[in-house]
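Report on one structure; see the data block that follows.
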Amino acid sequence: MVLERTIGKAGTVAVGEFTPDGKLVAYKSNEAFSAELAMLSSQFAATVRMFLSTMAASFSHLSGLHLVPYHGFIFSGGDMSSVIRQDHWAIVRTAQSEFMPQPGATDRGLQELAGLPGVRLAAYYASEVGEIECKQALGLSPAVRATATEFVTSTTAALGGLATAFEHLSKTRWTPVKSWLYAGGDWVIAASSCCWLLAEAGEAETHELHRAVMR
């Protein structure tokens with residue numbers, strides 16, 4: 001069973017199974033974690049999955065790249081991280097988990113980010129000005145990249161809002177946003193508040209991409 005396998009991973013606080021409309025099916029925890037909070041976690045998981053699927057479908061139509069169907073999602077903010085797969089969620093303490101950057105890790109430059117396995121586009125951006133610098137091997141036009149950057153910016157902001165809400169409900173620290181990752185179709189998007197990557201799913205290592213953009 002997925003819950004049994006996942007609950008034993010390092011740093012895991014709780015794991016759960018949910019329906020597409022956000023109802024809790026089952027959950028397990030390693031710490032005090034109420035059924036009410038598990039139900040809220042399922043509602044948040046379903047909301048995030050639907051939101052990201054909609055954004056990815058829009059970008060797929062715009063770019064011609066296949067970013068749907070949705071496969072999974074990783075988020076790190078504050079002291080916590082979460083993973084949402086098809087119908088399961090997990091909440092972990094980042095410092096005790098596989099999502100923690102390696103000791104001595106430093107911020108990577110754009111050239112290094114663009115050179116990670118599977119990465120076909122790496123860009124720096126700011127919410128106020130859009131794209132700042134980009135390296136790509138896809139040939140996406142400036143207009144398409146500008147819209148993609150708007151998608152990334154709005155998604156980061158939306159996830160920050162959800163993280164703030166869940167922070168108050170769970171009494172754990174989920175802000176500021178450090179990084180998030182979406183996997184869907186043939187592609188993976190990894191992003192922070194200042195950079196984002198687009199990588200081919202078959203070549204990219206998702207945990208490495210997630211850690212690479214973490215701020």
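Quick note: residue numbers are just sequence positions, from 1. Treat the numbers as computed from the prediction; the structure is a model and nothing was measured.
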### Task
Please answer: with hydrophobic residues joined when any side-chain heavy atoms are less than 4.5 Å apart, are Ile7 and Met39 in the same cluster?
no
### Query
Is the side chain of Asp79 donor-acceptor paired with the backbone N or O of Arg173 at a distance under 3.5 Å, no angle test?
no
### Message
By the salt bridge (Lys or Arg N to Asp or Glu O under 4.0 Å) test, which pairs, at least two apart or in different chains, include something from residues 198-208?
### Response
Arg108-Glu208, Arg120-Glu200, Arg120-Glu203, Glu208-Arg211
### Query
SG/Cys195 to CE/Met214 distance, rounded to the nearest 0.5 angstrom?
11.5 Å
### Query
Of all heavy-atom pairs between Thr94 and Ser76, which one has the smallest distance, and what is that distance?
OG1-OG, 4.3 Å
### Query
With the 4.5 Å side-chain cut-off for hydrophobic clustering, are Leu169 and Leu159 part of the same group?
yes
### Query
Trp89 vs Phe33 aromatic rings, parallel, tilted or perpendicular, using cut-offs 30° and 60°?
tilted
### Task
Report yes if the side chains of Tyr27 and Phe18 come closer than 4.5 Å at any heavy-atom pair, otherwise no.
no
### Query
Is a side-chain donor or acceptor of Tyr182 paired with a backbone partner of Leu67 at a separation under 3.5 angstrom?
yes
#### Entry: Expected output: side-chain Glu98 to main-chain His207 donor-acceptor under 3.5 Å
no
### Message
When you group the ILVMFWY residues by side-chain heavy-atom contacts below 4.5 Å and let the links chain together, are Leu181 and Val152 in the same group?
### Response
no
### Query
Distance from Met80 atom CE to Phe166 atom CZ, nearest 0.5 Å?
8.0 Å
#### Entry: Considering all heavy atoms, the nearest Phe51-Ala158 contact
CZ-CB, 3.9 Å
#### Entry: Heavy-atom pair of closest approach, residues Val188 and Thr206
CG2-CG2, 4.3 Å
### Query
Between Leu65 and Leu198, is any pair of side-chain heavy atoms under 4.5 Å apart?
yes
### Message
Would you say CD of Gln111 has more than 12 non-hydrogen atoms from neighbouring residues, nucleotides or ligands within 6.0 angstrom?
### Response
no
### Query
Any idea how Trp174 and Phe75 line up, ring-wise: parallel (<30°), tilted (30 to 60°), or perpendicular (>60°)?
parallel
### Minimal non-hydrogen separation, Glu133 against Leu110, with atom names
CG-CD2, 3.4 Å
### Query
Got Phe44 and Ile84 here, is their nearest side-chain heavy-atom distance under 4.5 Å?
no
### Query
Tell me, do Leu113 and Leu197 make a side-chain contact under 4.5 Å, heavy atoms counted?
yes
### Verdict with supporting geometry, Ile189 and Trp180, side chain to side chain contact (heavy atoms under 4.5 Å, CB included)
CA-CA 8 Å; Ile189 295 175; Trp180 59 269; 4.0 Å; yes
### Message
Do Thr153 and Trp196 have side chains that approach each other closer than 4.5 Å (heavy atoms only, starting at C-beta)?
### Response
no
### Query
Can you tell me if Lys178 uses its side chain to pair, donor with acceptor, with the backbone of Gly78 under 3.5 Å?
yes
## Note on the structure
When rounded to the nearest 0.5 Å, the distance separating OG1 of Thr19 from CG of Asp87 is 9.5 Å
### Task
State, to 0.1 Å, how close Thr175 and Gly160 come at their nearest heavy-atom pair, and which atoms those are.
CG2-O, 4.2 Å
### Query
Are His71 and Gln86 side-chain neighbours, meaning at least one heavy-atom pair lies under 4.5 Å?
yes
### Message
If you apply the rule side chain to side chain contact (heavy atoms under 4.5 Å, CB included), what do you find for Thr155 with Leu52, and how did you get there?
### Response
CA-CA 8 Å; Thr155 298; Leu52 290 175; 3.6 Å; yes
### Message
side chain to side chain contact (heavy atoms under 4.5 Å, CB included) for Arg93 and Val13? Distances and angles first, verdict last.
### Response
CA-CA 7 Å; Arg93 296 191 183 280; Val13 174; 3.8 Å; yes
### Task
Measure the CZ-NE2 distance between Phe59 and His66 for me, rounded to the nearest 0.5 Å.
12.5 Å
### Query
Would a distance-only check, ignoring hydrogens and angles, find a side-chain to backbone donor-acceptor pair under 3.5 Å from Ser53 to Met50?
no
### Task
Starting from the C-alpha separation in whole Å, work towards a yes-or-no answer on side chain to side chain contact (heavy atoms under 4.5 Å, CB included) for Val83 and Val92.
CA-CA 8 Å; Val83 181; Val92 304; 5.9 Å; no
### Query
Could you state the interatomic distance from CD (Glu36) to OG (Ser41), rounded to the nearest 0.5 Å?
10.5 Å
### Query
Measuring from Leu140:CG to Leu121:CG, what's the distance to the nearest 0.5 Å?
6.0 Å
### Query
If every non-hydrogen atom of His168 is compared with every non-hydrogen atom of Thr164, which pair is closest and at what distance?
CD2-O, 3.1 Å
### Task
Please tell me if the side chains of Leu37 and Ser170 come closer than 4.5 Å, counting only heavy atoms from C-beta onward.
yes
### Message
Could you tell me if the side chain of Val119 sits less than 4.5 Å from the side chain of Leu209, heavy atoms only?
### Response
yes
### Message
Tell me whether the rings of Phe99 and His210 are parallel (<30°), tilted (30 to 60°) or perpendicular (>60°).
### Response
perpendicular
### Message
Hydrophobic clustering (ILVMFWY, side-chain heavy atoms < 4.5 Å, transitive) - are Phe151 and Phe73 grouped together?
### Response
yes
### Message
Going by salt bridge (Lys or Arg N to Asp or Glu O under 4.0 Å), name the pairs with one or both residues in residues 138-152, residues two or more places apart or in two chains.
### Response
Glu131-Arg145
### Query
When hydrophobic residues are tied together by side-chain contacts of less than 4.5 Å, even through go-betweens, does Leu62 share a cluster with Tyr70?
yes
